Amino acid sequence: MINLKTTMVLFLLFMTVCFSYAQETAINKESFDAINLNYPGLEKVNQLYKSGKYNDAAEALLTYYRNRKNIKNPDFNIGDEARFRGKDIGKANQEKADNALLHLFKPQKGYGFFDYGKDINWDYWPVKDNEVRWQLHRVTWWSSMGMAYRSSGDEKYAKEWIFQFRDWEKKNYLGRSAENDQIAWRPLEVSERIQIFPGIFNLFVVSPHFTPAFLMEFLNSLSKQTDYIPKHYSKEGNHLLFEAQRVLGAGASFPELKQAGEWRKSGIEILNREIKLQVFEDGVQWELSPTYHVACIEIFLKAYNSAKMAGVEKEFPDTYIKTIEKMIVTTANISFPDYNNPMFGDSWPIEKNARIKQFAGWSKLFPDNGLIKYFATDGADGKLPNLSNALPNGGFYTFRNGWNDKATVMIVKAGPPAEFHAQPDNGTFELWVNGRNFMPDTGCYLYSGDAEVTKMRNWFRQTRVHNTLTLNNENMIITKAQQNKWKISKNLDILTYTNPSYTDLEHQRSILFINEKYFLIIDKAIGKATGNLGVHFQLKEDSKPVYNTANNSVYTTYEDGNNLLIQSLNTDKIVLKEEEGKVSYVYAKEMARPAFVFEKPKNDAATQQFISIVYPYNGNKTPQISLQPNAGNDFEKGNINLTITIDGRKSEIKTTLQ
């Protein structure tokens, strides 16, 4: 009885496979157009091909790939079945894989799953956010389906993936329509697909549903899509880097394809050129976004590793590797103790363990770099540099009194013009004190879409929702900061920069880090422009601040006693106003948070000043702070001679700002 049941199951599987074969495109001579049949290891395939035995040649090619072990994918490889068999692939991956069987896809992680129909409607646009319809064509859930297949051994995942692959090909062919070409064939999306294809290929190639005919379809599709990218590279930015790296990766992952050598050469040429253009001398990537800066490190490293696999790593000069090291050091220098970077320029928070894992990988390539080793080991090993640090080309400045959770760290953005992800926010900063980020950047919320989505994105991009100066609450017209002074010393670190923010109005900001404890911020509005000036501040969503309009101060009320006071020390009339505040830590998610502004008018060409103190303190008693200018003090000329009194204790500050 058991034998009969087993025989029936095998018969049904055999019939299923035979039926699927019947639906497949016939293998012919043209099926091999993309294959370099002279590639070492394909001798049997070539012999069968020359004999006109195309089905047998495809079968031999499939056998070759099922036994190929010399090409290593960074994620999934043939021969590592034990890594997945019976193993938990994680709730999120399992959910994506199972929902994919029902055509419930989650293109963008900021949203939930959407039903694309039994007959998949690849044109469905459920939320008018461009990222949703672009990222649909990245088909990222296919990797989850592959992991679920390897974990369970259930052929339903392989069968459905092959169906979806063919369905996508049938409904999204190049030239179907101008709109579809702009979405499904946007070079970045094409590159996303060819990046995941090698790993997915390795996950599914052992399946009986992965037939010789499907192999030929897959290889021809991969070749067509990869070959498309060099002819349609993005003009610049991280998109171009992603595309070049993935073209190189495809050439390294499938060296048996005729164009593989040209793809590798194209990717290497682009990356060698762009690393010089897109990375400043101080190691900052020119989009001035910490998230995309790290993404570019990964791009350059993946490209280098692909070149190593193909044996052409010497095509990258030593300067290429040295630039990557400099970019990693930059990441460390603009990191808070929890390993997060500021959310400047469309950046997002990251889990500490994930970033430690990245540093650990980077440290293997740069084992002698003490700072990278420190971050790779969570401070257990390595060597630390100076505390405060300036990156003047990219415009990131870090004031720091330590590296552990108890430290005080302010990271300021005052840089050159940048690309899509940058915001009109020069002068803004984030402030970490004793385990808390008191003043996180606003974030970006969304990227692009219809008019309503664009309106929501633009709210988060406004200058006035950042920690900087505005004229009439309008956005900065120019972000082109020029460093005037950077000096670090035992008890006083100083940054002064000037930014031509508005027509006929320059903003000069000086930040003094005093006694490695607190900050004095001196803002000057210089020029003949007139209007309402404002210096804005944003606080963490749970800070429950108290607004004291009598002395123009705002302080947080955390019960753990780790608090912050921000106070205007101007002697002229300043008005304190509460403002609408928001913050977005996750794509498409926002929350309200406290925000306020110190305001005063500018009625003529005279320079106006704002003097603000940002003072972290412990306890529930708000410090009493006053400022007394001494002889020779001249804010306009940048000569500083001040007495700051804090709870009766006086400090003398004598310096120049330029």
Side-chain angles (χ1 to χ4, degrees), residues 278-290 293-294 297 322-323 325-337 340-345 347 369-372 374-375 383-403 407-418 422 425-432 439 441 466-468 479-500 506-524 614 638 640 653 655-658:
Q278 293 199 30
V279 182
F280 295 128
E281 181 61 30
D282 57 15
V284 178
Q285 198 265 348
W286 70 358
E287 289 176 277
L288 309 185
S289 166
H293 173 92
V294 172
I297 293 173
K322 289 177 181 177
T323 299
E325 182 178 13
K326 191 180 291 185
M327 293 178 74
I328 296 169
V329 169
T330 287
T331 302
N333 274 311
I334 60 169
S335 291
F336 294 112
N340 267 301
N341 302 123
M343 295 197 299
F344 303 150
S347 290
N369 190 298
L371 181 57
I372 298 175
Y374 178 90
F375 275 79
K383 184 179 179 181
L384 293 172
N386 292 332
L387 294 169
S388 296
N389 179 266
L391 300 166
N393 304 112
F396 291 143
Y397 299 87
T398 302
F399 296 99
R400 185 189 301 272
N401 69 2
W403 294 88
T408 296
V409 185
M410 176 187 280
I411 304 177
V412 184
K413 176 177 178 285
D425 59 359
N426 265 348
T428 197
F429 59 86
E430 290 193 9
L431 175 63
W432 166 288
M439 308 180 76
D441 189 84
H466 294 85
N467 301 319
T468 191
T479 54
K480 193 177 181 181
Q482 178 68 44
Q483 177 187 302
N484 305 121
K485 182 173 185 176
W486 171 258
K487 183 178 181 181
I488 58 176
S489 56
K490 184 176 180 181
N491 295 312
L492 182 64
D493 296 342
I494 301 175
L495 164 67
T496 299
Y497 76 86
T498 303
N499 188 74
E506 290 186 334
H507 173 211
Q508 186 178 94
R509 168 164 279 188
S510 297
I511 301 177
L512 286 68
F513 186 29
I514 301 171
N515 296 329
E516 294 189 337
K517 178 172 176 56
Y518 65 94
F519 302 88
L520 187 69
I521 301 178
I522 302 171
D523 290 296
K524 294 194 289 188
V614 178
I640 301 302
I653 309 298
T655 188
T656 58
L657 300 181
Q658 297 186 55

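Heavy atoms only: backbone and side chains are in, while hydrogens, waters and symmetry mates are out. Just so it is clear, the model here is predicted, and its values are computed rather than measured.
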Quiz item: Is the shortest heavy-atom distance from the side chain of Val614 to the side chain of Ile521 under 4.5 Å?
Solution: yes

Exercise. Determine the interplanar angle of the Trp403 and Phe375 rings, folded into 0 to 90°, and report it as parallel if under 30°, tilted if 30 to 60°, perpendicular if over 60°.
Key: perpendicular

Quiz item: For the side chain of Thr330 and the backbone of Asp282, is there at least one donor-acceptor N/O pair under 3.5 Å apart?
Solution: yes

Quiz prompt | Side chain to side chain, Arg400 and Asn389, heavy atoms closer than 4.5 Å | solution = no

Quiz item: Just by distance, do the side chain of Thr398 and the backbone of Asn333 share a donor-acceptor pair under 3.5 Å?
Solution: yes

Self-check item: Side-chain heavy atoms of Ile334 within contact of Phe344, under 4.5 Å
Solution: no

Quiz prompt | salt bridge (charged side-chain N to carboxylate O under 4.0 Å, His left out) between Glu430 and Lys413, worked out | solution = CA-CA 9 Å; Glu430 290 193 9; Lys413 176 177 178 285; over 6 Å; no

Self-check item: Lys322 atom NZ: more than 12 heavy-atom contacts under 6.0 Å
Solution: no

Quiz prompt | Side chains of Pro342 and Asp441 in contact at under 4.5 Å (non-hydrogen atoms) | solution = no

Quiz item: Is there side-chain contact between Asn341 and Val294, with at least one heavy-atom pair below 4.5 Å?
Solution: yes

Practice problem: Taking Asn369 for its side chain and Leu371 for its backbone only, find out whether a donor-acceptor pair lies under 3.5 Å. | Solution: yes

Self-check item: Any side-chain heavy-atom pair of Val409 and Leu431 under 4.5 Å
Solution: no

Quiz item: Got a donor-acceptor contact below 3.5 angstrom from the Asn491 side chain to the Asn515 backbone?
Solution: no

Practice problem: Give a yes or no on whether the backbone of Glu287 and the side-chain of Gln285 come within a donor-acceptor separation of less than 3.5 Å. | Solution: yes

Quiz item: Just wondering, do Ile411 and Trp432 contact through their side chains at under 4.5 Å, heavy atoms?
Solution: no

Practice problem: Verify whether one side chain among Ser510 and Lys485 offers a donor that lies under 3.5 Å from an acceptor in the other. | Solution: no

Quiz prompt | Single hit among Ile511, Asn467, Asn426 for side-chain contact (heavy atoms from CB on, under 4.5 Å) with Val412 | solution = Ile511

Quiz item: Would a distance-only check, ignoring hydrogens and angles, find a side-chain to backbone donor-acceptor pair under 3.5 Å from Asn401 to Thr408?
Solution: yes

Self-check item: Heavy-atom closest pair, residues Tyr397 and Pro392
Solution: OH-CA, 3.6 Å

Practice problem: Evaluate side chain to side chain donor-acceptor pair (under 3.5 Å) for Thr468 paired with Thr428, printing each intermediate quantity in order. | Solution: CA-CA 5 Å; Thr468 191; Thr428 197; over 6 Å; no

Self-check item: Exceeds 12 heavy-atom contacts within 6.0 angstrom, atom NZ of Lys326
Solution: yes

Quiz item: Angle class for the Phe513/Phe519 ring planes (parallel below 30°, perpendicular above 60°, tilted otherwise)?
Solution: parallel

Exercise. For residues Glu516 and Leu387, determine if any side-chain heavy atom of one lies less than 4.5 Å from a side-chain heavy atom of the other.
Key: yes

Self-check item: Check: Leu657 main-chain N/O paired with Thr496 side-chain donor or acceptor under 3.5 Å
Solution: yes

